Amino acid sequence: MLDLSKLNHNQLKAVTADDGPILIIAGAGTGKTRVLTTRIAYLIEHEGYDPQRILAFTFTNKAASEMRNRINNMLINNYVPWIGTYHSICLKILKQDINALGREQNFNIIDEHDQLGIISDIYKEGEIYAKDIKPKKALEVIEKIKTAEIDITKINSIHQLKELGIYKWESFPTFKYIVAQYEKKLLRNNLVDFNDLLILTHKLLAEHVVVREKWQNKFDYILVDEFQDTNYMQFRLLNLLINPNKQNVFAVGDPDQTIYTWRGAYPNIFDDYLNNFKHTKTYVLDLNYRSTKKILKVANSLIAHNQQRIEKDLVTNNDFGDNVICYIGDTSQQESHYIVQQIAGMIKNKSYAYHEIAVLYRAKHLSRNIEQELINNNIPYYVFGDIRFYQRREIKDLISYLKVLVKPNDEIALKRIINVPTRGIGQKTVDAIHKYATANNLSFYEVLVKCANDEIDSEWNKKNIKTFMLLLERLTNEPKSGALVDTLQFIINATKYKDYLKELDQFEERWDNVTELIASLAEYQSKYPNNNMANFLDEISLYTDSNDAKLHARNSVSLMTIHFAKGTEFKVVFIIGMNEDIFPSSRTLQEDDLEEERRIAYVAITRSMHKLYLTCNLAFSPIAANKLTPSRFLKEIGKDKYHEEHSEMISISKADLQWYDSEKPFVVEEQYSDTNIKFKIGDVIVHTLFGSGVIVGINGDMLDVAFKAPWGVKSLIKNHKSIKRLKN
DNA sequence: GTGTTGAGTATTTTT
DNA sequence: TACTCAACAC
């Protein structure tokens with residue numbers, strides 16, 4: 001039942017606002033999601049809107065399903081609006097109307113893994129030796145030009161090229177060839193990547209008036225969550241979907257939480273919105289319900305350092321709460337040890353449960369140290385987004401089987417399963433079939449059919465290919481009981497997939513995943529009895545994580561990247577790796593994206609309800625090719641806002657902590673020439689060619705010094721003139 | 001031709 | 001540490 005009594009003044013005004021464009025600037029923890037969901041319920045229950053004619057955009061699938069649940073609980077009937085990510089809404093539109101663009105409706109969506117496969121095919125066919133552009137790099141740049149809508153034919157300076165991440169002009173023709181081939185292959189196989197979902201839908205709506213009007217008339221009201229992370233393409237898409245006569249649009253966002261500029265989000269979008277919808281009513285939510293006063297102080301003082309920003313401070317009626325703690329460890333082990341001890345303490349005195357605690361970090365690989373320490377102490381944890389459910393080998397294998405049954409010409413899926421479980425059709429054979437297919441203008445599958453019919457004269461192992469084709473035939477002709485799950489079960493049995501998994505490591509976990517896939521297929525069918533396998537495959541092609549991640553996390557400490565943590569909250573939050581070059585990351589420092597890094601830190605801090613820990617360590621790090629220093633963000637927050645703790649055995653020298661007092665942490669000593677000066681392990685030196693490095697070993701007159709990549713560890717003569725030591 | 005093992009190298013963020 | 005790629009054994 002709709003209950004408006006729990007809303008505060010501003011929230012109530014936003015929820016009950018009249019029709020027409022509305023913009024909500026909502027700080028972290030100010031009840032943004034509550035406002036959005038209550039608004040939808042209000043529109044339906046109070047204003048008489050038809051739920052099926054309401055469209056809501058969310059940023060993640062997770063957020064979409066949460067919103068669906070919340071609205072379901074608020075409403076009496078079961079009709080729920082269209083809620084989804086831009087990508088999933090685009091998919092629905094394209095599945096209905098892509099014909100207008102002259103393409104077939106049975107297109108498949110490819111993920112990053114598939115994209116890389118396609119690119120390495122291109123490398124093989126074009127005999128490209130990936131010296132200066134590796135496949136991963138090529139994909140990264142392709143993604144960049146597609147999201148930023150860059151026309152590569154117009155690139156004519158090395159400067160523009162460098163901005164894309166290609167540093168040699170000679171590499172450009174190769175890259176252009178790769179891009180052209182990539183697009184050609186996608187089109188030929190009727191494939192669509194994530195960017196294409198947006199690009200094609202935009203094209204469809206922009207160029208085809210009839211289609212556009214159809215969709216504009218379909219929706220009476222459009223809502224947008226996480227508006228700050230909308231990119232320009234998505235914004236134009238939104239504009240094409242909004243019925244121009246009604247302009248019923250309701251966007252909620254927080255400019256301080258823009259953390260996806262690398263995916264095309266841009267700060268000016270709030271201005272664009274106000275310019276596009278002239279009569280927009282704006283409401284600001286700044287009363288925070290989530291965090292203690294002390295935590296908000298930390299958040300506010302950090303984000304205040306951003307120059308390009310609409311000033312706003314979060315306020316709260318909550319208590320001051322416990323001190324925010326900044327821990328500085330000697331080594332990463334000590335950092336992890338400290339965190340795990342704190343967690344163990346909280347559990348022991350029953351102040352918090354595992355699931356109320358989160359460890360957040362800037363980049364995935366940072367979870368490593370802490371994981372080991374958690375294992376050592378028997379603390380249950382769950383790493384979110386670790387290996388995404390649908391990226392797992394066993395899941396991809398089985399889904400590929402399903403895909404091939406739906407569409408035998410699905411080359412990617414076919415190539416994946418042709419030798420899984422192993423049946424003697426290896427890479428060489430696959431390459432040969434591929435080559436033959438290209439040369440004779442046949443599909444991969446058609447060549448297999450011909451081969452099985454003895455219509456091809458070749459050296460291939462025909463017996464194995466025939467066995468495989470017979471298997472496919474058996475799977476296809478399997479008497480259809482109508483239950484999708486039976487098809488999957490049949491595949492598992494016919495291929496002896498379970499036995500295959502037993503040969504691999506982590507069998508139990510893999511088999512659990514298979515069971516989960518079976519369950520989710522069963523659930524899908526009971527939810528949508530009229531949908532077929534193709535519908536299921538389309539749906540999950542946009543999913544990355546399983547719905548049950550929450551289940552796994554029920555009684556464990558949560559580990560996740562800050563990007564993943566967006567939209568969540570925890571009673572206790574540890575932000576680890578608060579080090580210069582880690583957070584802010586060295587890469588963004590080069591690219592001058594410090595403000596975005598600060599916003600990411602702001603998002604992390606504002607996840608916390610009761611207790612906040614900022615931790616770092618001062619060990620040697622190959623990332624920095626140096627001893628780590630504490631993050632500048634700690635300095636910006638201000639020492640008075642938190643309580644500082646050090647590891648007991650800490651050997652912090654003055655230089656290590658100089659960041660408190662000066663901008664530059666190290667002072668270069670006079671050039672070294674006196675043989676009497678003694679070096680010790682851990683000393684930082686500067687080499688004229690290799691830059692700064694740390695001494696990791698001393699053998700007589702030789703020093704082993706670790707330098708930044710690509711140099712690595714070098715042995716140098718102790719008193720060579722190219723070495724300078726840093727003052728400690 | 002296929003599958004396995006070991007050395008070498010690279011590390012932001014996600015739909 | 002995790003992933004790729006090349007060399008080796010089957």
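By convention in this document, chain letters (A, B, ...) are assigned in the order of the sequence lines, proteins followed by strands, and residues within each chain are numbered from 1. Bear in mind the structure is a predicted one, so any value in this text is a computation, not a measurement.
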May I ask you to check whether A:Phe57 and A:Phe227 place their ring centers less than 6.0 Å from one another?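 Centroid distance A:Phe57-A:Phe227: not below 6.0 Å, so no.
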Would you say the rings of A:His305 and A:Phe633 are close, in the sense that their centroids are separated by under 6.0 Å? no
Categorize A:Ser88 for me: base, sugar-phosphate, or nothing, with a 4.0 angstrom heavy-atom threshold over every strand shown.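 Contact class for A:Ser88: none.
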Counting any heavy atom closer than 4.0 Å, what does A:Tyr260 reach on the DNA or RNA strands: base, sugar-phosphate only, or nothing? sugar-phosphate
Of the nucleotides B:dT14, B:dG3, B:dT2, which has the atom closest to the A:Lys364 side chain?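 The answer is B:dT14.
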Any idea which of B:dT12, B:dG3, B:dT14 is nearest the A:Ala363 side chain?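 Of the options given, the side chain of A:Ala363 lies nearest B:dT12.
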Contact nearer the 5' end of DNA chain B, comparing A:Ile425 with A:Leu542: A:Ile425
So for A:His365 and B:dT11, does any side-chain atom that can act as donor or acceptor lie under 3.5 Å from a complementary atom in the base?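 Flag unset: no donor-acceptor pair detected.
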Under 4.0 Å from OP1 or OP2 of [N]: is there any side-chain N or O of [X] that close?
X        : N      : answer
A:Asn369 : C:dT1  : no
A:Arg368 : C:dA2  : yes
A:Thr561 : B:dT12 : no

If I pick the C1' atom on B:dT13 and the same atom on C:dT4, what distance separates them, to the nearest angstrom? 23 Å
Take atom C1' in C:dC5 and the same atom in B:dT12, then report the distance between them in whole Å. 25 Å
If I take atom [atom1] in residue [X] and atom [atom2] in nucleotide [N], what distance separates them, rounded to the nearest angstrom?
X        : N      : atom1 : atom2 : result
A:Tyr361 : B:dT13 : OH    : P     : 10 Å
A:Gln115 : B:dT15 : CD    : P     : 14 Å
A:Asn195 : B:dT14 : CG    : P     : 16 Å
A:Lys428 : B:dG1  : NZ    : C1'   : 8 Å
A:Tyr390 : B:dT14 : OH    : C1'   : 17 Å
A:Ile465 : B:dG1  : CD1   : C1'   : 13 Å
A:Lys136 : B:dT11 : NZ    : P     : 7 Å
A:Met233 : B:dT15 : CE    : P     : 19 Å

Parallel, tilted or perpendicular: which describes the rings of A:Tyr543 and A:Tyr390, with under 30° parallel and over 60° perpendicular?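 A:Tyr543 and A:Tyr390: tilted rings.
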Check whether NZ of the Lys or CZ of the Arg A:Lys137 lies under 6.0 Å from the centre of the six-membered ring of A:Phe175 and within 45 degrees of that ring's axis.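 Checked: cation-pi criterion not met.
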Would you call A:Arg607 and A:Glu569 a salt bridge, taking side-chain N to carboxylate O under 4.0 Å as the test? no
Looking at B:dT13 and A:Trp262: do their rings stack (centroid distance under 5.5 Å, interplanar angle under 30°)? yes
